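Read the structure below first, then the notes.
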Amino acid sequence: MLVALDQGGQVINLLCLKTSQIAELKTQHLVCPACRQRVYLKHGQVRMPHFAHVRLLSCAYNSENESFQHLSLKKDLFYWFAKTAQVSVEQFLPELQQIPDLLVNDKLAVEVQCSMLSVAKLQERTKGYLSKDYQVIWLTGKKLWLGHRLTVLKQQFLNFSLHVGFYYWEIDDQKKELRLNYLIHEDITGSLHYLVQHFAFGSGELLTILRQPFLKTGSELRVQPKHDIANYIRRQLHYKHPKWLKIQELYYHHGQHILADKQDMNQVCPVGLNYLTYQFEGIKVPEFCQVTKPIKSYYQQFIDYQHTHRDAPLYSPLVYATFFDGNLKRI
Ligand SMILES: [Zn+2]
């Protein structure tokens with residue numbers, strides 16, 4: 001952790017002190033802002049200076065397992081935000097019993113998630129912030145970068161806007177950059193397809209960068225069709241993959257064959273939309289705990305658009321919505 005309270009109850013933020021001032025803290029009586037137990041300064045050769053509890057207690061600041069990556073990213077983001085916004089690091093919020101890594105302008109919680117956590121914990125913390133009218137943005141560290149496939153946990157970090165569809169933030173301590181993955185789509189083999197925008201630390205205003213999902217326009221994504229998709233499905237059925245057996249059964253039940261429509265097989269869809277089963281089961285929207293907007297109309301408009309524009313690239317939800325509103329004659 002990077003903050004502690006001194007004997008007068010003043011917040012000591014290590015990121016705002018000079019080296020000489022930090023050295024003086026070694027002899028001071030300092031306590032944790034949440035549990036009020038003693039903490040001390042750890043100032044080694046390798047890790048940057050930080051505080052640790054004298055005794056390992058259960059406390060909202062679970063700093064004892066905090067990685068160098070996490071401390072370093074909080075520091076970089078703190079200085080970047082501080083150029084143009086009011087920011088505090090690790091501010092304890094008693095009404096929530098939560099400690100956002102950074103709190104910007106008293107309303108935006110920014111969480112830098114470098115380690116694994118349970119889906120339940122992520123949902124609980126996200127809902128906690130939203131219930132008290134904080135906005136929250138999760139920036140994922142290396143272990144949680146999006147990569148080629150979605151996991152149950154990564155799905156819960158996905159967010160959504162009309163301008164860029166599904167998006168996912170990554171933060172990179174080595175390259176010192178923030179990345180916005182957007183227009184995230186998935187093919188029927190579960191491979192992800194998306195666009196990426198890079199932002200070097202310190203370049204531009206960070207709050208404006210974090211608003212990019214609500215500002216960007218004109219993006220489109222083209223995905224090359226896979227030629228071996230039918231073989232992929234045959235293999236899944238051969239090995240009796242439960243998901244594919246269930247889909248096959250559904251097709252049989254409706255007198256159809258799963259391998260009959262090659263174009264359907266190659267359809268790349270917004271994440272969470274099952275293109276092979278919606279015609280039998282209706283559109284089902286899975287849970288995305290960061291997403292507060294309704295997704296179903298996006299899925300429906302996507303499907304309707306694809307029916308008449310087979311070779312079109314993948315667009316943002318706004319493009320489909322505008323098309324069906326009749327405001328735009330031609331896209
Ligand atoms: Zn504590």
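A quick note: this is a predicted structure, and the numbers were derived from the prediction, not measured.
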All ring-ring contact (aromatic ring centres under 6.0 Å, His included) counterparts of Y275, not counting sequence neighbours: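 Y275 satisfies ring-ring contact (aromatic ring centres under 6.0 Å, His included) with Y278 once adjacent residues are dropped.
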Applying ring-ring contact (aromatic ring centres under 6.0 Å, His included), name anything that partners H43, two or more places apart in sequence or on another chain.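 Expected list: none.
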Test of understanding: with side-chain hydrogen bond (donor to acceptor under 3.5 Å, both in side chains), list the residues that count as partners of [X], not counting sequence neighbours.
{"X": "H198", "value": "E177"}
{"X": "E95", "value": "Y134"}
{"X": "K216", "value": "Q197"}
{"X": "S88", "value": "Q91"}

Polar side-chain atom of [X] near backbone of [Y] as donor-acceptor pair, under 3.5 Å:
{"X": "W145", "Y": "T140", "result": "yes"}
{"X": "D6", "Y": "G9", "result": "yes"}
{"X": "D101", "Y": "K74", "result": "no"}
{"X": "H53", "Y": "R55", "result": "no"}
{"X": "Q21", "Y": "K18", "result": "yes"}
{"X": "S72", "Y": "Q69", "result": "no"}
{"X": "K26", "Y": "L41", "result": "no"}
{"X": "H254", "Y": "Q256", "result": "no"}
{"X": "Q156", "Y": "E287", "result": "yes"}
{"X": "E90", "Y": "L2", "result": "yes"}

Exercise: identify the closest heavy-atom pair between [X] and [Y]:
{"X": "R38", "Y": "H29", "value": "CD-CE1, 3.0 Å"}
{"X": "L30", "Y": "A4", "value": "CB-CB, 4.3 Å"}
{"X": "K83", "Y": "G202", "value": "NZ-O, 2.9 Å"}
{"X": "W80", "Y": "S203", "value": "CZ2-O, 3.4 Å"}
{"X": "N105", "Y": "A85", "value": "OD1-CB, 3.8 Å"}
{"X": "S131", "Y": "G128", "value": "OG-O, 2.7 Å"}

Would [X] end up clustered with [Y] when hydrophobic side chains under 4.5 Å apart are linked, directly or stepwise?
{"X": "L183", "Y": "L215", "result": "no"}
{"X": "L245", "Y": "Y252", "result": "no"}
{"X": "M116", "Y": "L150", "result": "yes"}
{"X": "M1", "Y": "F68", "result": "no"}
{"X": "V152", "Y": "F160", "result": "yes"}

What I'd like to find out is whether the side chain of [X] reaches to under 4.5 Å of the side chain of [Y], using heavy atoms alone.
{"X": "E170", "Y": "L178", "answer": "no"}
{"X": "V3", "Y": "V89", "answer": "yes"}
{"X": "F157", "Y": "Q113", "answer": "yes"}
{"X": "Q248", "Y": "H241", "answer": "no"}
{"X": "I233", "Y": "Q236", "answer": "no"}
{"X": "V112", "Y": "C114", "answer": "yes"}
{"X": "Y315", "Y": "L221", "answer": "no"}
{"X": "L162", "Y": "F214", "answer": "no"}

Please check if any side-chain donor atom of S191 sits under 3.5 Å from a side-chain acceptor atom of E186, or the reverse.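 Checked: S191/E186 side chains show no N/O donor-acceptor pair below 3.5 Å.
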Without hydrogens or angle criteria, can the side chains of Y129 and E111 be said to hold a donor-acceptor pair below 3.5 Å?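 Looking only at side-chain atoms, E111 and Y129 do form a donor-acceptor pair, the distance falling under 3.5 Å.
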Presence of salt bridge, E281 and K284, under 4.0 angstrom: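 Looking at E281 together with K284, the answer is yes, because their closest N to O distance falls below 4.0 Å.
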Decide, yes or no, whether a salt bridge links D133 with K107 under the criterion of side-chain N to carboxylate O below 4.0 Å.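 Looking at D133 and K107, the cut-off is not met.
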I need the [X] [atom1] to [Y] [atom2] distance, nearest 0.5 Å.
{"X": "L273", "Y": "I303", "atom1": "CG", "atom2": "CD1", "result": "4.5 Å"}
{"X": "S115", "Y": "K142", "atom1": "OG", "atom2": "NZ", "result": "15.0 Å"}
{"X": "Y232", "Y": "K226", "atom1": "OH", "atom2": "NZ", "result": "8.0 Å"}
{"X": "E249", "Y": "I258", "atom1": "CD", "atom2": "CD1", "result": "11.5 Å"}
{"X": "Y167", "Y": "L146", "atom1": "OH", "atom2": "CG", "result": "14.0 Å"}
{"X": "I137", "Y": "Q290", "atom1": "CD1", "atom2": "CD", "result": "10.0 Å"}

Could you walk me through whether F51 and Y40 pass the side-chain contact (heavy atoms from CB on, under 4.5 Å) check? CA-CA 5 Å; F51 297 114; Y40 67 106; over 6 Å; no
Close aromatic pair by centroid cut-off 6.0 Å: F323 and H309: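 Yes - the distance between ring centres of F323 and H309 falls below the 6.0 Å cut-off.
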Would Y251 and F280 count as a close aromatic pair, with their ring centres under 6.0 Å?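 Yes, they do, as the ring centres are separated by less than 6.0 Å.
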Cation over ring face, R234 and W244, 6.0 Å, 45°: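 That pair does not qualify as a cation-pi contact.
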Before giving the answer on side chain to side chain donor-acceptor pair (under 3.5 Å), spell out for H70 and D173 the whole-Å C-alpha distance, their side-chain angles and the decisive distance to 0.1 Å. CA-CA 9 Å; H70 193 226; D173 190 39; over 6 Å; no
When [X] is tested against each of [options] for side chain to side chain contact (heavy atoms under 4.5 Å, CB included), which residue passes?
{"X": "L314", "options": "V319, L195, V268, I184", "answer": "V268"}
{"X": "Y182", "options": "P213, S161, S219", "answer": "S219"}
{"X": "V271", "options": "Y168, F166, Y194", "answer": "F166"}

Would you say that more than 12 heavy atoms from the other residues, nucleotides or ligands in this model lie under 6.0 Å from the NZ of K143, or not?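 No.
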Decide yes or no on side-chain contact (heavy atoms from CB on, under 4.5 Å) for T126 and L122, but give the supporting numbers first. CA-CA 6 Å; T126 301; L122 174 58; 3.8 Å; yes
